[in-house]
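Below: the structure, in structure tokens.
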Amino acid sequence: MKPSTKLLALAVLAILIALAPLVFPSSFYYRIGALIFVNGLAVTGLVILFGYAGQISLGHAGFAGIGAYATALSPGLLGVHPGIGLVLGAILSGLVAFLIGRPILRLKGHYLAVATLGFGILVFITLNNESQLTGGPDGMPVEDLGLRDLSRALGLGLSTSEVWYWFMGIVLLVGAWLAMNLFQSPTGRALRALHDSETAARTHGVDVARYKLVAFVISAVYASLAGSLQALLNRFVTPDVAGFLHSVEWVVMTVLGGAGSVIGAIFGAAILTALPQALTVFQEYEHLILGAIMMLVMIFLREGLFPSVARLVGRSA
Amino acid sequence: MSELLQFLFSGLTVGAVYALVALGFTLIYNASGVVNFAQGEFVMIGGMTTVFLFDAGAPLWLACAGAIVVAMAVGYLLNKLAIEPARGASIVTLIIITIGASIFLRGVAQVVFGKSIHRYPAFSGEAPFVIGGATILPQSLWVLFGGAAIFVGLWLFLTRSITGKAVLATANNRLAASLVGVNTNAMMTLSFALSAAIGALAGVLATPITLTSFDVGVALALKGFAAAMLGGMGSPVGALIGGLLLGLIEALTAGYISSEYKDAAAFIVILVVLFVMPSGLFGRAATERV
């Protein structure tokens, strides 16, 4: 990606975020927009892990669980603002990823998939069972982040959904900008090198284990932040945030849009977040549709929707 | 003592189901190099289709046979429609495809069968036998002996019949097998259908004890995978031992430590095995070709 391409991509994303509210028929759409940006943030982290470094994870919702419950629990346990809880959750997720990353990332292919999946499910089981702390399967309420009060203090007078839309839009832009910078950095080059061939990267002096770990920790922090923000947006959290299906949804969003680029993956997040809201029948057929999309995209559009569409447009132009 | 015996009985029963799922994994993995994350759905299809046919008025034996046929058809279609078109794709792609298949089948089952939990009567009564102060259900014996029969049958098929030897040849080296006239595509299809039948049979035998619903597949697939890995990926004997061991570990965890965390046992086993001895108890160490 050339620097100009990066600026163009960020500009397009910023313009889309800024202009989308013009076509919103009701304020409900601000909420959907904010949800899209939350998922977009998590998926941006997965692009660093899948797209840049070529490592799969089926357990990143585990980090979202850590982030979400750190945010929900710290006001009660530590007496701090939920915003501090979000930061603590991100630090904790990063630490956990750092500790389990080395042994897990020695694994490849199926083994890596199953090990990460096992990690995610262990987090889910723990959140589900420690009900005196987490409320168990029923979940627990989350304190207000105070965005609405902030907007009022600034004299903006936006509704809660509107504030969240703009706040998340900015968070996503910053997240995407950081990820794109990483792509161009020496670290990004090392990640892309080990993606193509670990052996080749190693012979050129890339510390493969270290760079895989870097990608894993960064993506874990992204997932943790997304989990925290989702909890704060919903003002409620259940163990499902760490569930297997949540991990799979993020993977599908990433590969649907195209794991190779941040913009593509965010595009995938937008489609899969908006679709269930648009189709009310989606609820009943959720698994069926999700599974079918996974199979079809992987069989017919292996690079994802976005690169395939981009190539078609490029060819005709 | 009788308490320990009780845990052993229940552990072996559940372990036999895991062993069958692991055996199904092994068959497909050997034939195609694909780890089929939809393996647990075959167990679910076996149990659910039996429920469905039995409730529709079919005799139990016919319902069971019908369920196995349905599962084999699903296994056949899975290979034809999803795995064959993706031949040569990367491992990550194949993982996402089989997980997609698993979620898709779960979604279909949810629409067709509904969300409730089902069971049907045990094959030979519900009155438990008492052995050494512990009890064992007649259906548990069905599971244990049924599982053993499948292992013996599969072993005879693979070592004594010409078709079975062709499957083994395909597993060992697809190119060499096709050069000596084995139809390797047909052997792949056969592996998927057989693997589906084994999974469905596990579901058919175990459902009167474990109950079934549309979403039991994922957990079973993961535990079957853990069992296959514990024993050593690709080794049928490893699948058997790994399955039984995992069942025992779970039952002992539930009995002596915490029943809430019994499901965690399988995943801790996965992680420990992967970190400490990645090739499992009976597996060969993998080598990477550059």
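The sequence lines fix the lettering, A, B, ..., with proteins before strands; numbering per chain opens at 1. Small disclaimer: the values here were computed from a predicted structure and weren't measured.
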When the 4.5 angstrom heavy-atom criterion is applied to A:L296 and chain B, the contacting part is neither
In this structure, OH of A:Y111 is separated from CE of B:M229 (nearest 0.5 Å) by 7.0 Å
Test side chain to side chain contact (heavy atoms under 4.5 Å, CB included), reference B:D263, set A:I125, A:N128, A:L122, output is A:I125
> Is there a side-chain contact between B:I99 and A:F244, using heavy atoms and a 4.5 Å cut-off?
Replying inline: yes
Is any side-chain heavy atom of A:H287 less than 4.5 Å from a side-chain heavy atom of B:F104? no
Contact list (residues 100-107 of chain A to chain B, heavy-atom gap under 4.5 Å, by number) returns A:P103, A:I104, A:R106, A:L107
Okay, B:V273 and chain A: the region with an atom under 4.5 Å from a heavy atom over there is neither
Looking only at A:L290, A:I121, A:L112, the option with the highest number of non-hydrogen pairs under 4.5 Å against chain B is A:I121
*Assess whether atom CZ of B:F52 is packed by more than 12 heavy atoms of other residues, nucleotides or ligands within 6.0 Å.*
no
Turns out that what part of A:I293 lies under 4.5 Å from chain B's heavy atoms comes down to neither
The interface call for B:L81 against chain A, heavy-atom contacts under 4.5 Å, is backbone
Do other residues, nucleotides or ligands put more than 12 heavy atoms under 6.0 Å from the CD1 atom of B:I117? no
Contact list (residues 249-261 of chain B to chain A, heavy-atom gap under 4.5 Å, by number) returns B:E260, B:Y261
Run the numbers on A:V297 and B:I96 for side-chain contact (heavy atoms from CB on, under 4.5 Å), then give the verdict. CA-CA 10 Å; A:V297 170; B:I96 297 174; over 6 Å; no
task = Give a yes or no on whether B:F7 atom CZ has more than 12 heavy-atom contacts from other residues, nucleotides or ligands under 6.0 Å away.
result = yes
Residue pairs meeting ring pair (Phe, Tyr, Trp, His ring centres under 6.0 Å), one or both in residues 25-51 of chain B, sequence neighbours left out, come to B:F25-B:F225, B:F37-B:F225
CE of A:M294 to CD1 of B:I95, rounded to nearest 0.5 Å, is 10.5 Å
Output for pair (B:T98 OG1, A:H110 NE2), nearest 0.5 Å, gives 7.5 Å
Applying a strict 4.5 Å limit to non-hydrogen atoms, the region of B:I97 in contact with chain A is both
Are there over 12 heavy-atom neighbours, none belonging to B:K80, within less than 6.0 Å of that residue's NZ?
yes
Sorted by chain and residue number, the ring pair (Phe, Tyr, Trp, His ring centres under 6.0 Å) partners of B:F267 (sequence neighbours excluded) come out as none
Okay, A:F300 and chain B: the region with an atom under 4.5 Å from a heavy atom over there is neither
Bottom line for A:V255: the part with an atom under 4.5 Å from chain B's heavy atoms is side chain
Inset, instruction - Show your reasoning for whether side-chain contact (heavy atoms from CB on, under 4.5 Å) applies to A:L245 and B:R106. - result: CA-CA 12 Å; A:L245 204 63; B:R106 170 145 87 129; 3.8 Å; yes
